[in-house]
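Notes for the one structure printed next.
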Amino acid sequence: MAYSMTGARRVRALASRTTLAAGTALLLALSFAPAGSLAVAASPEQQASEAESAWPGLRADLFGDRELIEGSDLIAIEAPARATDPAVVPVKLKLDPSQEIRKVTLVIDENPAPVAATFDIAEGAGITELSTRVRVNAYTDVHAVAETADGKLYVTKTFVKAAGGCAAPAAKDPEVAAREMGKMKMRQFETETGGTQEAQLMIRHPNNSGLQKDQVTLLYIPAHFITELEVAKGGERLFSMSGGISISEDPSFRFRYGSDAGGAFHAKATDTEGNVFEKSFGGSQS
Amino acid sequence: MTRRDLMKYIAAFFKTLFIVAFAASTMPAKGSDAFNLEEIAPGVFVHQGRIAEMSRANQGDIANIGFVVGEEAVAMVDSGGSVPVGEAALAALRQVTDKPVRYLINTHMHPDHVFGNQVFKEAGATVVGHRRLPAALGARADFYKTSIGNQIGPELAGAVDITLPDETVADEMRIDLGGRELVIKAWQTAHTDNDVTVFDPATKTLFAGDLVFMEHLPVIDGSITGWLDQTAELEAIPAERVVPGHGPVSAPWPEAIEPQTTYLETLAADLRAAIADGVPLADAVETAGQSESGKWQLFDFYNGRNATAAFAELEWE
Ligand SMILES: [Zn+2]
């Protein structure tokens with residue numbers, strides 16, 4: 001009983017401390033949905049077996065009564081069945097290059113803020129893979145929903161066993177995290193397939209969940225995370241992302257793209273405190 | 001320490017070459033669950049925790065904790081992983097001496113080392129820790145009570161009143177137990193961002209906390225590079241024996257740290273090679289460090305997590 005009250009307080013604290021930017025309003029609305037994920041006294045196994053699936057409610061909130069097509073090869077999702085670290089769970093989305101996928105929504109059903117990220121994919125960017133790292137707070141389904149240019153929705157899911165990833169404090173070394181915040185790095189990789197290129201954008205940021213109370217100050221540590229990100233090459237947008245607290249500390253986005261646009265990569269990120277981090281990367285940097 | 005005291009300690013050492021076995025007054029009866037305590041050097045007593053995850057069965061008694069007895073007072077080093085473990089340790093201490101427990105030193109924030117704090121605070125001890133311990137433990141208090149509650153049970157976790165240090169150490173601090181001084185040193189980020197060691201020059205004994213793991217796979221909750229970078233400085237401490245945070249109660253210094261260094265260097269080398277080859281995190285953590293697998297207990301439990309944390313750190317190099 002005491003634990004569920006704590007959970008409710010946590011969510012209110014998150015709401016009161018977070019800028020109600022358009023992108024985060026949805027996350028906040030959804031953060032009240034999965035009551036099951038806040039009943040933290042039970043073991044993860046108990047929670048998983050007792051909790052009612054959050055998906056029907058989430059699905060309705062996010063997509064209304066639109067049809068979600070299952071079992072297609074249009075989108076696939078890969079994540080470890082059992083995470084080695086609940087605060088850093090790698091998730092890979094694979095997109096069928098022959099389809100005009102414009103948007104992918106990544107949902108971690110049982111997290112306090114289930115929508116981890118929404119990716120908007122530019123026409124002609126040829127994105128075939130997108131990998132990031134997320135926090136997982138309880139045993140959960142992870143859903144990916146792809147929307148094509150003609151407005152159809154395709155869904156896939158996988159199950160991840162992990163617990164405590166959102167409640168765990170972000171930085172192992174907060175002093176270093178504060179000093180390095182906003183630093184960006186772009187790596188480029190060789191690929192085995194012609195016509196497809198691969199790169200990874202990394203951003204130093206605590207991406208703090210706002211779910212921990214500081215026992216020294218007795219205040220909740222404010223949520224502080226990257227809300228918007230845009231990645232371009234040669235002046236043409238490849239993709240952009242609206243993100244929330246489920247993206248891990250030091251966000252990483254590794255992607256395969258088909259654009260043959262020359263020129264430098266450019267990344268621009270905005271966080272909940274209005275900080276803007278922006279950087280251009282030389283064409284040959286790895 | 002005077003010569004007379006030393007003789008007294010040596011006499012006590014032989015008299016009590018011992019395992020203080022208690023009738024289970026504080027630890028609930030669980031068969032042979034007596035609270036072990038060994039005098040590893042004159043006036044230096046260590047309790048060996050099990051090499052295991054915290055559980056209901058072991059009540060969080062998985063870390064080595066101990067104390068040093070001076071002419072006037074006692075300093076406790078870490079307080080155990082639950083209130084009953086702290087109580088059992090204090091009861092064992094009281095079998096050895098009735099001198100006041102003037103200090104409790106927390107080697108770092110982890111629950112298996114600090115969840116018994118309140119027992120010693122109530123007994124009058126001043127709690128001492130790294131300058132970053134209050135912030136680190138403060139930010140994790142709720143999380144630890146919940147996550148550790150899943151392991152030792154909500155009743156035991158619920159009884160813990162997270163007790164932060166009264167005094168903190170930024171660099172080095174000396175505490176006086178009467179004729180016996182201990183040196184507390186604060187380290188840069190390594191096992192955690194709030195590690196301290198406690199050195200007893202009288203017996204050349206080093207309480208290393210979790211800066212030294214033996215048998216139990218080292219756990220990285222700070223910085224793999226910070227840990228490796230400070231290993232030479234750790235080894236240079238003029239100790240003859242070390243009390244590792246996990247492992248035997250005492251081992252020769254500095255040889256005792258060598259297996260840990262090999263593990264950390266192997267893990268770092270494997271991950272750096274993977275990162276240079278463009279191997280993604282998800283694949284790299286499957287193989288990194290695996291050549292060390294047979295050498296450690298709890299390897300499968302912690303290696304993947306270590307590899308994940310170290311990958312995320314090393315890819316910024
Ligand atoms: Zn530790």
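No experiment lies behind these values; they were computed from the predicted model shown. Chain letters run A, B, ... following the sequence lines, proteins first, then strands; residues in each count from 1.
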Decide yes or no for A/Arg187 and B/Ile275: does some side-chain heavy atom of the first lie under 4.5 Å from some side-chain heavy atom of the second?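 A side-chain contact exists here, since the closest heavy-atom pair is under 4.5 Å.
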Are B/Leu281 and A/Val88 packed together at the side-chain level, in the sense that at least one heavy-atom pair is separated by less than 4.5 angstrom? yes
Distance (rounded to the nearest 0.5 Å) between A/Asp85 CG and B/Arg305 CZ: 6.5 Å
So CH2 of B/Trp316 and OG of A/Ser252: to nearest 0.5 Å the spacing works out to 8.5 Å
For chain A, find which of B/Gln151, B/Arg131, B/Glu313 contributes the most heavy-atom pairs closer than 4.5 angstrom.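 Highest number of pairs under 4.5 Å: B/Arg131.
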Most contacts with chain A, counted as non-hydrogen pairs under 4.5 angstrom, among B/Ser223, B/Ser147, B/Pro280, B/Ala141: B/Pro280
If only atom types and distance count, is the side chain of B/Arg132 paired as donor or acceptor with the main-chain N or O of A/Pro174 below 3.5 Å? no
Give a yes or no answer on whether the side chain of A/Lys185 reaches the backbone of B/Glu317 with a donor-acceptor pair at less than 3.5 Å. yes
Which bit of A/Ala79 is near chain B, if near means a heavy-atom gap under 4.5 Å: side chain, backbone, both or neither?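 Answer is neither: A/Ala79 stays 4.5 Å or more from chain B.
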Under the ring pair (Phe, Tyr, Trp, His ring centres under 6.0 Å) test, residues paired with A/Phe277 that sit two or more places apart: A/His205
Which of the residues [options] is involved in the greatest number of heavy-atom pairs with chain B at under 4.5 angstrom?
options: A/Glu190, A/Lys183, A/Glu78, A/Glu175; value: A/Glu175
options: A/Val91, A/Asp173, A/Asp250, A/Val89; value: A/Asp173
options: A/Arg204, A/Arg254, A/Lys92, A/Gln200; value: A/Arg204

Does a salt bridge link A/Lys172 with B/Asp221, judged by any charged N lying under 4.0 Å from a carboxylate O?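 So A/Lys172 pairs with B/Asp221 through a salt bridge.
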Answer yes when B/Glu315 and A/Arg133 have at least one side-chain N-carboxylate O distance shorter than 4.0 Å, and no when they do not. yes
Part of B/Phe301 lying under 4.5 Å from any heavy atom of chain A: neither
Checking B/Leu164 against chain A: side chain, backbone, both or neither under 4.5 Å from a heavy atom?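 For B/Leu164, the side chain is the part near chain A, not the backbone.
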